Amino acid sequence: MATLITKLHEFIREADLTPEEWMAAIEFLTATGKTCTDKRQEFILLSDTLGASMQVASGNLPATAATEATVQGPYYWAGAPDKALGSNIAEGVAGEPAYYAGQVTDTEGKPLAGALLDVWSGDGEGVYDMQVEGQTEMLARARFRTDAEGRYAFWSIRPSFYPIPMDGPVGKMIEGMGKHPNRPGHIHFMLSMPGYAGVTTHLFVANSPYLDSDVVFGVRDSLVV
């Protein structure tokens with residue numbers, strides 16, 4: 001708190017903040033809170049678009065980690081169904097079918113059996129299940145456990161680029177800054193295993209638009225496949 005207060009006061013002095021600007025900031029944060037629902041986290045979106053989420057993600061991964069972290073994003077939905085390896089998690093979801101397979105190891109290359117992968121993405125048009133009015137069933141989401149050799153495999157869709165929600169206060173901020181609202185195509189992975197540091201990351205689609213200008217600053221070259 002001492003650091004936060006010190007930096008906040010520095011900002012107020014440096015920006016020569018007026019009472020009108022202070023009130024505009026209060027109203028902006030109030031509107032951000034009012035926009036949040038059980039399926040929409042506007043404050044995470046705000047954190048993402050200010051680069052704060054990426055700073056936290058990159059600053060808290062152990063230096064020895066092999067896979068780079070990136071943002072969780074506002075569309076994580078806890079409680080995805082457990083699926084068998086090889087399952088199709090995108091049945092009934094629009095998009096080009098895509099096969100995902102890989103191996104989870106420790107930083108010395110030892111396969112990790114039983115590691116948990118929580119996976120989610122939007123559909124082939126970049127729309128997440130949480131954004132669809134009345135949609136109560138999870139789509140393009142699942143949890144997998146790696147096999148004895150640390151391997152995982154499943155079917156989903158090839159992710160598409162998409163704009164962040166622009167109908168709320170964060171959208172107005174992005175417009176006011178003159179920035180585009182788009183994220184390149186990606187799928188989310190949240191990996192965990194007892195005794196190991198977890199990692200939340202993406203796989204980005206090579207040649208997707210906006211790889212060089214992700215609105216939430218999440219792209220890392222090592223994650224483009």
Side-chain angles (χ1 to χ4, degrees), residues 4 8 21-57 60 69-83 89-95 116-143 156-157 159-192 198-204 210 214-219:
L4 171 63
L8 177 61
E21 290 168 333
W22 172 82
M23 181 53 73
I26 295 295
E27 291 173 346
F28 173 79
L29 293 174
T30 301
T32 300
K34 289 181 177 179
T35 305
C36 293
T37 69
D38 60 342
K39 291 187 177 180
R40 177 167 179 169
Q41 232 307 347
E42 193 80 356
F43 269 111
I44 288 183
L45 188 64
L46 176 60
S47 173
D48 289 353
T49 53
L50 293 177
S53 303
M54 196 61 229
Q55 283 286 335
V56 174
N60 281 273
T70 189
V71 299
Q72 175 179 301
Y75 298 123
Y76 176 65
W77 190 350
D82 292 295
K83 296 278 189 178
I89 71 171
E91 292 181 359
V93 175
L116 177 64
L117 283 76
D118 204 336
V119 181
W120 72 99
S121 77
D123 64 17
E125 297 177 348
V127 178
Y128 287 79
D129 49 9
M130 299 173 76
Q131 295 177 283
V132 179
E133 186 72 28
Q135 176 65 45
T136 57
E137 179 188 359
M138 291 186 176
L139 301 174
R141 299 177 189 269
R143 304 197 319 167
S156 187
I157 55 92
S160 171
F161 72 90
Y162 62 85
I164 63 169
M166 293 292 287
D167 59 343
V170 172
K172 291 179 182 178
M173 181 189 75
I174 293 297
E175 288 178 349
M177 294 168 70
K179 294 178 62 177
H180 75 72
N182 297 297
R183 297 216 63 203
H186 61 275
I187 186 170
H188 297 255
F189 285 80
M190 184 182 293
L191 287 83
S192 59
V199 60
T200 299
T201 192
H202 297 3
L203 294 180
F204 291 92
Y210 308 108
D214 181 5
V215 69
V216 307
F217 312 99
V219 176

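Treat the numbers as computed from the prediction; the structure is a model and nothing was measured.
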Side-chain donor or acceptor of S47 paired with backbone N/O of F43 under 3.5 Å: no
Taking every heavy atom of E137 against every heavy atom of Q135, the minimum-distance pair comes out as O-NE2, 2.7 Å
Please walk me through it: do R143 and L116 pass side chain to side chain contact (heavy atoms under 4.5 Å, CB included)? CA-CA 7 Å; R143 304 197 319 167; L116 177 64; 3.6 Å; yes
Would you compute the distance between atom CD of E27 and atom CH2 of W22 and round it to the nearest 0.5 angstrom? 9.5 Å
On the 0 to 90° scale, with breaks at 30° and 60°, tag the Y75-Y128 ring pair as parallel, tilted or perpendicular. parallel
Would you sort out whether R183 and D214 count as a salt bridge (Lys or Arg N to Asp or Glu O under 4.0 Å), showing the intermediate values? CA-CA 5 Å; R183 297 216 63 203; D214 181 5; 2.7 Å; yes
Would you say NZ of K172 has more than 12 non-hydrogen atoms from neighbouring residues, nucleotides or ligands within 6.0 angstrom? no
Say whether, by atom type as modelled, one donor and one acceptor occur between the side chain of S53 and the main chain of D48 under 3.5 angstrom. yes
Is the CD atom of E21 crowded by more than 12 outside heavy atoms at less than 6.0 Å? yes
Ignoring hydrogens and angles, tell me if any N or O in the side chain of H188 forms a donor-acceptor pair with the backbone of H186 under 3.5 Å. no
Close side-chain approach of P165 to Q131, heavy-atom, < 4.5 Å: yes
Got a second to check how far T32's OG1 is from L45's CG, nearest 0.5 Å? 9.0 Å
Within the supplied structure, the quantity of interest is the number of heavy atoms (other residues, nucleotides, ligands) at a distance under 6.0 Å from Q55 CD; does it exceed 12? no
Straight-line distance of M173 CE to L46 CG, nearest 0.5 Å: 5.5 Å
Taking all heavy atoms of V170 and all of F28, pick out the closest pair and write down the distance. N-CE1, 4.3 Å
Measure the CD-CG distance between E42 and D167 for me, rounded to the nearest 0.5 Å. 7.5 Å
The reported gap from OG1 in T70 to CZ in F217 (rounded to nearest 0.5 angstrom) is 11.5 Å
Distance-minimising heavy-atom pair for M138 and P81: SD-CD, 3.9 Å
Test side-chain contact (heavy atoms from CB on, under 4.5 Å) applied to S156 and D123, L139, V93, I89, the passing residue: I89
Determine whether the side chains of Y76 and Q41 contain a donor N or O and an acceptor N or O closer than 3.5 Å. no
Exceeds 12 heavy-atom contacts within 6.0 angstrom, atom NZ of K39: yes
Nearest heavy-atom pair of I157 and S121: which atoms, and what distance? CD1-OG, 4.3 Å
Distance in Å, L117 CG paired with M190 CE, rounded so as to fall on 0.5 Å steps: 11.0 Å
For residues M166 and G171, report the shortest heavy-atom separation together with the two atoms involved. CE-O, 3.4 Å
Note: A69 and M54 closest approach over all heavy atoms is O-CE, 3.2 Å
